[in-house]
There are 2 protein chains.
Amino acid sequence: MVTNYQEAKSQNREALRRGLLDAASRVLVSEGLEALTMRRVSQEVAASTKVLYTLFGNKEGLLEQLYVEGFERLRRNLEAVPLSDDPVADLVKVALAYRENALADPTYFAVLFGRSVAGFTPSANSIEAAMSGFALLEGFVQRAMEAGLLRPADVKTSAKIVWATLHGATSLELDGYFDDADPSSRRQTYQLAVDTLIKGLSRFVS
Amino acid sequence: MVTNYQEAKSQNREALRRGLLDAASRVLVSEGLEALTMRRVSQEVAASTKVLYTLFGNKEGLLEQLYVEGFERLRRNLEAVPLSDDPVADLVKVALAYRENALADPTYFAVLFGRSVAGFTPSANSIEAAMSGFALLEGFVQRAMEAGLLRPADVKTSAKIVWATLHGATSLELDGYFDDADPSSRRQTYQLAVDTLIKGLSRFVS
DNA sequence: TGCTATAGGTAACAACGTTATTAGTAGCAA
DNA sequence: TTGCTACTAATAACGTTGTTACCTATAGCA
């Protein structure tokens, strides 16, 4: 039947797409962004570059899929944070998870937020798909605000402020501007940034 | 005399270097990072690419000079902030200037903070030279802290936290994640981020 | 006037993204 | 089985990029 054929074909396509994306991820994480060439990725799966072009269109298309994948990984890592009965403590935990996610795979972080990846800017469509991680952050903020722990304000704006702080501290550290002696003091700087942020958002000052 | 000859030669070299760097700046600002090729820059000054290689070594050398130039521009823009007798208000003004600097020349911002500019990572030497802008920020923080307006803390760490907030909010806006309806609401979001930061750092809560 | 050093132009090389051409394969109908 | 159609992938090529080997020319000096 035609439908089954089409279905099987699209399943094959999906499996192939997934395999190619994983190959690209492997190259990206283990060899860096410079090594992520069409030839390198295709040879990773022992095929020609043509496969990449039929499935992703061009390199920008491949990068866009990696971009979406990177945001999914971020969301999964933020979702893995266990909830307690203290919304503010949970917000701090998710803040730390943001940094951990970036430090675990810095090259992915570069795909998500490195401007200037040769002519790559994610489509509005991809950006929207990527915002689910932000929506998650927004949930944490809303929860703390509804519990009366944060000063009443527009939730979306407050969440943007939270994201900006986490993102700025993480970016500067990854770019080497927090090069204190040891890694633990960098972690402490991040911790203090989060503390300051919470203090600024809090209804009561401790 | 040898010294004069050498001096004249090095002056010429310096003038030439400056001219090439300005040409590269023009291309970068007006045509974007993709257009910044060795051939494009050399044709901007009607010369061959060889000149760029004798003066900068390779493309990474040219990017490194643009990196230093970008941080000097940032420092100049931050220095242009007029001082008042309110250290906290001045800190807010310098915070706004950070954003303005980035929005004025986003491509320069990409050179400074875009990871993944094809294999470009600034040398430790350049990073150090670039930190003068940060030192300036540190001065504003110190002034406000010594006036008793900010909660006593390590000045350098507090300045890092300030920088992280400004940088995060600016980066996310430039990357298109603050795509509210109009630009003025983006400015307001940034303003609120700065307010929250100040509140978190303040000794007294208003 | 020659000698030396060095800077700059030309043309080429290797690697990259991309595509035109070609070959092969799977499904379908006779 | 035998053609026909659609589509996929391999190959080889093209244009552009960073880079360099080779050559030329110019400036200073004896």
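Numbers restart at 1 for each chain; the letters A, B, ... are given by sequence-line order, proteins then strands. For clarity, every value in this text was computed on a predicted model and none was experimentally measured.
With rounding to whole Å, Leu36(B) atom CG is found 15 Å from dT16(D) atom C1'. Here the C1' atom of nucleotide dT21(C) and the OH atom of Tyr53(A) are 17 Å apart, to the nearest Å. Rounded to whole Å, the distance from CZ on Arg39(A) to P on dA14(C) is 14 Å. If you measure from atom CG of Asn58(B) to atom C1' of dT20(D), you get 12 Å, rounded to the nearest angstrom. Here the C1' atom of nucleotide dT17(D) and the CG atom of Leu33(B) are 14 Å apart, to the nearest Å. As a whole-Å value, the separation of Lys59(B) NZ from dA14(C) P is 21 Å. Atom CG in Leu63(B) sits about 14 Å away from atom C1' in dT17(D), given to the nearest Å. Atom CG in Asn12(B) sits roughly 10 Å away from atom P in dG28(D) (whole-Å rounding).
Toward the 5' end of DNA chain C, the nearer of the two residues Leu16(B) and Met38(A), judged by each one's closest nucleotide, is Leu16(B). Position along DNA chain D of the nearest nucleotide to Thr49(A) versus Thr54(A) favours Thr54(A) as the more 5'-ward residue.
The side chain of Val51(B) sits closest to dG9(C) out of dT19(D), dG9(C), dG17(C). Listed nucleotides dT19(D), dA20(C), dT18(C) differ in distance to Lys50(A); the shortest reach to its side chain belongs to dA20(C).
Within the 4.5 Å cutoff, the side chain of Tyr53(B) has heavy atoms near those of the Met38(B) side chain. Proximity of His167(B) to Tyr98(B): side-chain heavy atoms (C-beta onward) are separated by under 4.5 Å at one or more points. A 4.5 Å side-chain heavy-atom check between Arg186(A) and Arg99(A) finds at least one atom pair inside the cut-off. Leu201(B) has its side chain within reach of Val162(B): a pair of non-hydrogen atoms, C-beta onward, lies under 4.5 Å apart.
When the side-chain nitrogen and oxygen atoms of Arg13(A) are compared with OP1 and OP2 of dT8(D), one or more of them lie within a distance under 4.0 Å.
Residues forming a ring-ring contact (aromatic ring centres under 6.0 Å, His included) with Phe71(A) (at least two apart in sequence, or on another chain): Tyr67(A), Phe113(A).
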Criterion salt bridge (charged side-chain N to carboxylate O under 4.0 Å, His left out) on Arg40(B) and Glu44(B), from CA distance to verdict: CA-CA 6 Å; Arg40(B) 179 69 192 83; Glu44(B) 178 77 11; 3.1 Å; yes
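The stretch residues 20-31 of chain B does not touch DNA chain D, since none of its heavy atoms comes less than 4.0 Å from the strand.
Backbone-only engagement by Thr37(A) is indicated by non-hydrogen atom pairs under 4.0 Å involving sugar-phosphate atoms exclusively.
Ser25(A) and Tyr108(A) are linked by a side-chain donor-acceptor pair at a separation below 3.5 angstrom, with hydrogens and angles left out of the test.
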